[in-house]
Every structure is written in C-alpha cells, then in structure tokens.
Amino acid sequence: MNARIFFYTLVAGLFILGITQTIQRHMAFDIPWMPGETRTVWNIDAKVEFDATDKAILASLTTPYTQAGFTQISQNAASPGYGLSFLYEDSHPQAQWTIRQADGPQTLYYNIQLLVDDESKDQAIDKMPELVETEYGGAGVAADLAASSDIIQDSLKTSADAFSFTRELLKQLNAEDPNQNVSLVLSGKATKTDVLMALLNEAKIPNKRIGALVLEDGRRRQHLQPLVQVFQEKDGEIESRLFNASTIKAVDRTNLLLWDQSGKALLELIGGVNSRVSFSMIQQDQPALAAILQKTDNEHLFNFSIHSLPIEDQSLFKGILMIPLGVLIVVIMRVLIGLKTSGTFMPVLIAMAFIQTSLVTGLIGFILLVAVGLFIRSYLSHLNLLLVSRISTVIIMVILLIALFGVLSYKLGLTEGLKITFFPMIILSWTIERMSVLWEEEGPKEVFTQGGGSLVVAVLAYFIMSNEMARHLMFNFIGLQFVVMSLVLILGSYTGYRLLELRRFKPLADKE
C-alpha cells in the first residue's frame, strides 16, 4: 500500500512540477504559448550632422535605455573613420564618437532597436536633480522676479504638492487670456518650457528637461519634444511625473520614448559647429521568441537553457525533445488500444525518419526496403548462418538497397527518393530480421499484424511530432517533459482490458 501511495505521489509531483515550471516560464519571461506570435519592435535611427573645424572631434550623443513600455534589444552605430564607444556616465548611456582630425560636413548614425514590452518599468530614481538659477530673458530682471513671485504665490494657494502645483502653473501659462504677470515672463526669448522650469526652480521644486520622441511608423527627420519631469518625495520614496509646458493635459506615454533623460544636452560636441540631430523610425513585427531572446535584461535566463547552445545543437535538440511525445503515443496504442508493433519503440524511430523524408515518401521507401529485405533474408535463412553474421549481412544488404533506390530515384528525376537515406539502417536491419523470424515461427499473418501496427503507430507519432505547436511547446517549455513522464508512468500502472481485446467478448454480447 505504501508503495502505491509513493508511486501516485511521485506521478502527481512530476505532473505539478512540469505544469508549474511551464506556467512560470511563460509568466516570468513572456515565452509565447503559440508559435507564430509576434512582438512589435521599433527600429530608430538618430542622424548627427555637424561641420568639423579641422580639429579633434569628440561627439557624445545621449541615448535611451530600457524604460516603461520599451526594452532595449540592440544598438549600433555607423561611423566610418571614427572611434566609437558606448558609455554609461552619470546613470545615463551615451554613444561617443572620436577622431583625431576632421574637416568639413560630417554625418554620424546611431541605431537602436526597442521591443514594445508591457512588463518593462522605469528605472528607480536614486536622487533628486539639482536646482538651477532662475533665468527668464524678459523685459527686466527685477520685473521678471516680481512677476514670477506673484505667479508662484497664486499657484501655491490652490495646490497641495509638487504635481498639483505644476498643474496650477500650467493653467496660468496656457490661459486663453493670461494676466499681466504671465504675459511679462513669456515676453522674452525663453520658451514656455524654460519658463516653467524657471518657475519650478524658484519654488524649490526639483525638475529637469526631458527630450521625448513620438513614435510613428515611417516618420523621418523628426525632433525631440521637450517635456519637464517634476519630482517630489512621498513616504520616503521619490516620485516623478511628466508635464508638457504647452498644455494642461496629462502626458500620454503611449508610443512616447523618453530619449534624453540626462537633463543636460542631447549632443555634446567638441571640434565642430552647426550641429543637428534628427530621427527616423520604422515599426517592425518580429517573431516573439526571437525578440524576447534579444532582451538584454534577460540574457542570464538562457545561460543554462537549450537557447544558450549553438544553433546547430539547438536544431538537434528540437528533434530529440519530440521523442517523448512519440513514446507517449506508443504507450497509449500498446497499453490502452492493444495494438501490436514490431519492436517496442521502433515506430518512434520510423516516425523520426518520416519527418526527414515526408510521410508519403517515407511510407513507400519503408515498405519497399522491408519487402525486398524479407525476400533476400528468406534466402539467407537456408544457409544456417550464425546470428551475428546474418545480421551483418542484412545491414550490408540494407545499405546497398538504400544506395540502389537513391540512384534509381535520381536517374528517374524523383528527387524525393533521395531522402530515403534518412532511414535508420541498423533499425531497418533488425526489423527485417525480426519479421523474418516471426514469419517462420508465427506465419505471415502475424508479420502483417505487427508490421501494420508499427506503421499505424509511426504515422500517428509522425503527425504529433511534426506538429508545429507541439514542437514549439516541447522545445521552449522543458517542464512538459515531466508532464509526459507522469502520463507514461500512470499508463504503465494500467492493468485493465485493451480496447482491441474487447472483441473477444462480442459473442457474449450478441447472445444477450
């Protein structure tokens, strides 16, 4: 009794382990359930243009990184003659080009691919940005300071925190009929974004400028949209929110990439003048698994999985991992249905050969090889040879038959016939030997019963093992191997009647 409890506990444990690992892999790493699923990837080019002044050039372009809604999967640059480095300074990534001397117009390209990823989050904020001095550029410094003080006081009265204070400022700056104070601070050369930042700085509210790129498929020569990121501390944590100085509406993060979060300059250039940066973008759909495998944040996930192997070895395992499904089909057909086969798992090997040759070509080739092999083997049985010698002769015979069929197929223009070489020669030789002995001991009926049963099981296994969805699941969710193992174990404990054995009781049913 204890042994049975342990057995069922083992089976249940394997099944739960397999299902849990499969679900966890999907939930944690977004491995798709279905083959053919795609993910959206934005391919963005930044074009840097400037005029070199016959001096050493150092150009540093601030680049984006993984953030809410986007995961970086690759970056590269085109810079003939330039040295290129990808740096990470002050918590912000940069692409830096250097050259000893250059003169005249220069063009540099930076490319980044970003995966649209709902699981991606913004990086945690470590510290508040520093406050800077207030600068307006209006009619007069004293007048600007007085006007800004009045604007700040009005906004403070109707606000509760940094975010609501910023919204109150935006209501004044974007009013249809602005008051005298707002008109005064907006009358200078400063942009509305600069004015908003200056007011926030004067009110001692941390903020910084953000350069955002609106993503739209097929757009060219686009420029960054200026936004203001406002910070406040609440319950010991630093929070932030984006604001657009030109509107009182909340900033929509949909298809909005925060490219420049340095709070400084998008491009820092030494040795050149008249710099310009423009952006072009295109939206692409990539196979989901290929895109996920490129995630830089998840590289560690695949270091100890089949995905970390070379492509050639991955292709090999993609076939090997389907064998348990073929084994499960054999167990079901033999244990539950009661179908006889020639050899226990020979149908699985035949099914693997069918996958390589195609079903029709494989069936024809298998039947021809076995039929001709049985004919020749019947002659060998009269020679009273030892088993080892007889099997060796059959193996050589099978190789010669495969070569003969391959040459005949090629001469007749039937290129499909060349695929017959994928058949396992040793297995074919043993199959011919077993069927020959069975013919002598049990007669041709038993040979056709077991041979036909083997082909039926092989065909069923072929359809399961060649199914695209099954191949996708078994390769990407290793936990399913435990599920198949648990099913095989539970089937192995079945001691009831096979389906085909019920024919024996048909006469009793007819009498009733």
Side-chain angles (χ1 to χ4, degrees), residues 41-67 69-70 72-99 101-114 129 132 189-194 196-197 207-229 242 244-246 251 253 255-284:
V41 174
W42 284 99
N43 195 341
I44 306 171
D45 276 343
K47 182 180 180 181
V48 180
E49 299 174 283
F50 60 91
D51 296 324
T53 56
D54 200 21
K55 297 179 182 178
I57 299 295
L58 192 151
S60 298
L61 176 70
T62 300
T63 59
Y65 46 78
T66 296
Q67 56 191 264
F70 300 97
Q72 178 185 326
I73 57 177
S74 70
Q75 65 173 347
N76 54 73
S79 49
Y82 279 80
L84 174 65
S85 300
F86 293 111
L87 307 177
Y88 197 81
E89 298 182 355
D90 297 328
S91 301
H92 296 288
Q94 290 181 338
Q96 187 176 90
W97 293 270
T98 54
I99 193 171
Q101 186 177 19
D103 190 25
Q106 305 290 309
T107 303
L108 307 174
Y109 289 94
Y110 170 81
N111 174 267
I112 188 171
Q113 287 189 323
L114 295 164
V132 297
K189 297 180 179 179
T191 64
K192 193 173 289 187
T193 300
D194 294 329
L196 175 62
M197 293 178 64
N207 66 93
K208 69 176 180 179
R209 183 189 298 269
I210 297 291
L213 185 64
V214 179
L215 300 180
E216 189 174 345
D217 188 25
R219 296 299 299 271
R220 301 170 60 241
R221 299 175 183 174
Q222 299 300 296
H223 299 280
L224 297 185
Q225 172 184 335
L227 299 176
V228 178
Q229 186 175 17
L242 292 173
N244 187 338
S246 299
V251 175
R253 290 289 296 269
N255 288 341
L256 186 69
L257 174 65
L258 307 185
W259 186 286
D260 179 13
Q261 300 187 57
S262 65
K264 299 178 181 177
L266 172 63
L267 178 67
E268 294 180 350
L269 179 63
I270 299 175
V273 295
N274 301 325
S275 61
R276 304 171 296 281
V277 182
S278 60
F279 300 87
S280 302
M281 66 209 72
I282 188 170
Q283 181 180 341
Q284 300 172 324

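From a predicted model like this one, the values you see are computed outputs, not experimental measurements. Keep in mind that the numbers below use all heavy atoms, side chains included, and drop hydrogens, waters and symmetry copies.
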Nearest 0.5 angstrom please: Y109 OH to D45 CG, how far? 8.0 Å

For Y82, which residues count as a side chain to side chain contact (heavy atoms under 4.5 Å, CB included) partner, sequence neighbours excluded? F50, I57, S79, W97, I99, A102, Q106, L108

Any side-chain heavy-atom pair from D194 and T191 closer than 4.5 angstrom? yes

Passes side-chain contact (heavy atoms from CB on, under 4.5 Å), N244 versus Q225? Steps please. CA-CA 9 Å; N244 187 338; Q225 172 184 335; 3.0 Å; yes

So, S60 and Q96: side-chain donor and acceptor under 3.5 Å apart, yes or no? yes

State which residues pass side chain to side chain donor-acceptor pair (under 3.5 Å) with R220; sequence neighbours excluded, sorted by chain then number. none

Taken to the nearest 0.5 Å, the spacing of M197 CE from K208 NZ works out to 10.0 Å

Do we see a donor-acceptor contact under 3.5 Å between the side chains of Q75 and N111? no

Which heavy-atom pair separates L196 from A245 by the least distance, and what is that distance? CD2-CB, 3.9 Å

Do any side-chain atoms of residues 269-282 form donor-acceptor pairs under 3.5 angstrom with protein atoms, and if so which ones, sequence neighbours left out?
residue	atom	partner	partner atom	Å
N274	ND2	D51	OD2	3.2
R276	NH1	N274	O	2.8

In this structure, CD1 of I112 is separated from CD1 of I73 (nearest 0.5 Å) by 9.5 Å

Calculate, to the nearest 0.5 Å, the distance between atoms CG and CG belonging to L61 and L87 respectively. 11.5 Å

Do L256 and L227 have side-chain heavy atoms sitting under 4.5 Å apart? yes

Tell me if a side-chain donor or acceptor on D217 pairs with a main-chain N or O of Q283 at a distance below 3.5 Å. yes

Return the minimal non-hydrogen interatomic distance between D54 and D103, and the atom names on each side. N-OD1, 3.6 Å

Give a yes-or-no answer on whether the side chains of Q72 and T66 include a donor-acceptor pair shorter than 3.5 Å. no

State, to 0.1 Å, how close F70 and N255 come at their nearest heavy-atom pair, and which atoms those are. CZ-CA, 4.4 Å

Write down the atom of A265, the atom of D260, and the distance for their closest heavy-atom approach. C-OD2, 3.8 Å

Distance only, no hydrogens: is a donor on one side chain within 3.5 Å (strictly under) of an acceptor on the other, for Y88 and Q94? no

What are the two closest heavy atoms between P64 and P93, and how far apart are they? O-CG, 3.9 Å

Show the nearest heavy-atom pair for residues W259 and I44, with the distance to one decimal. CZ3-CG2, 3.7 Å

Could you check L257 against L114 for side-chain contact (heavy atoms from CB on, under 4.5 Å), going step by step and ending with a plain yes or no? CA-CA 10 Å; L257 174 65; L114 295 164; 3.4 Å; yes

Is a donor on one side and an acceptor on the other found under 3.5 Å between the side chain of Q67 and the backbone of Y65? yes

Check: K264 main-chain N/O paired with S262 side-chain donor or acceptor under 3.5 Å: yes

Start with the C-alpha gap between I210 and V228, add the side-chain angles, then the distance that decides, and say whether side-chain contact (heavy atoms from CB on, under 4.5 Å) holds. CA-CA 6 Å; I210 297 291; V228 178; over 6 Å; no

With a 4.5 Å cut-off on side-chain heavy atoms, are T107 and K47 touching? yes

